[in-house]
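Here's the structure, in structure tokens; my notes come after.
Just so it is clear, the model here is predicted, and its values are computed rather than measured.
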Amino acid sequence: MAISELREGWWRHRKVLLDLLERFEEDHLSFKPWEGAMTLGELALHVAQSAEMFVHLVEGTSYEPSGQIEPASAGELQSLVRQATERTEAVFARIPDDRLNLAIDWGPYTATGKTWLEIMRDHEIHHKGQLFVYARMLGISELPFFLRQPPKREA
């Protein structure tokens, strides 16, 4: 497996996250379904920042999160996630394929670069699913499909 395949698998989910975030309005950002949950805004930024952290981990470079945890507007949230997406893509593009089989430590855990990138994608899927539930609880009925489909073949 090549890094480009892992990037494409992640990107098919990130495109949907970006589409989903366009459905939210300012008064939705502070919504959380239970006490102790992340707000919608916090959760979306958590997804974006976590992906950045994982690609830096696999690349072997340091990562410092932006520190912002609660966007002031829906437009700001979309912008922050788009910016994080661009940074994540830039790091993904620099990771050589040989890092995929390298054992990489993170805290008390050791896994291959491939495993960390699969965990990154699964983490994004998990939290994107939560954001879909948040959207439904907020009464948003028009939602994107959970995954960007591959291109259709030509007839």
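The one candidate from I104, I3, L57 that meets the side chain to side chain contact (heavy atoms under 4.5 Å, CB included) condition with R99 is I104. When each of Q49, H56, E52 is paired with R87, the side chain to side chain donor-acceptor pair (under 3.5 Å) condition holds for E52 and for no other.
One finds the CH2 atom of W11 at 10.0 Å from the OG1 atom of T88 (value rounded to the nearest 0.5 Å). Note that OH of Y134 and OG1 of T39 are 7.5 Å apart. Values are rounded to the nearest 0.5 Å. Taken to the nearest 0.5 Å, the OH atom of Y109 stands 14.5 Å off from the OG1 atom of T115. The line from CD1 of I95 to OG of S4 is 11.5 Å long, rounded to the nearest 0.5 Å. For the atom pair CZ of R121 and NZ of K128, the computed distance is 11.0 Å after rounding to the nearest 0.5 Å. With values rounded to the nearest 0.5 angstrom, L77 atom CG is found 11.0 Å from E22 atom CD.
Residue A72 comes nearest to E26 through the heavy atom pair O-CG, 4.5 Å, listed as atom of the first residue, atom of the second, then distance. For P71 against L45, the heavy-atom pair with the smallest separation is CD-CD1, 3.7 Å. Closest approach of E118 and L6 over heavy atoms only: CG-CD2, 4.1 Å. Here the closest heavy-atom approach between residue A2 and residue L100 is recorded as C-CD1, 3.8 Å. Across L21 and A44, no two heavy atoms sit closer than the pair CD2-CB, 3.8 Å. Considering every non-hydrogen atom in both A74 and F24, the closest pair reads CB-O, 3.4 Å.
Looking at heavy atoms from C-beta onward, M120 lies in side-chain contact with V55 at the 4.5 angstrom threshold. Using a 4.5 Å cut-off on side-chain heavy atoms (C-beta onward), V81 and V47 make no contact. In this structure, the side chains of F132 and V16 come closer than 4.5 Å at one or more pairs of heavy atoms. For the pair S141/R136, a side-chain contact is recorded, criterion being any heavy-atom separation below 4.5 Å from C-beta on. In this structure, T85 and L17 have side chains that are not in contact, with every pair of non-hydrogen atoms separated by 4.5 Å or more.
In this structure a side-chain-to-backbone donor-acceptor pair under 3.5 Å is present from R23 to D19. Side chain of E42 to backbone of M38: no donor-acceptor contact under 3.5 angstrom is found.
Counting only N and O atoms by type, the side chains of H127 and Q130 include a donor and acceptor under 3.5 Å apart. Between the side chains of S79 and Q83, a donor-acceptor pair is found at a separation under 3.5 Å. For the residue pair T112 and N101, no side-chain donor N or O sits within less than 3.5 Å of a side-chain acceptor on the partner.
A tilted orientation is assigned to the rings of W10 and F92, their planes being inclined by 30° to 60°.
Checked against a 6.0 Å centroid threshold, the rings of H46 and H123 count as neighbours.
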From CA spacing to verdict: side-chain contact (heavy atoms from CB on, under 4.5 Å), V91, V58: CA-CA 9 Å; V91 175; V58 174; over 6 Å; no

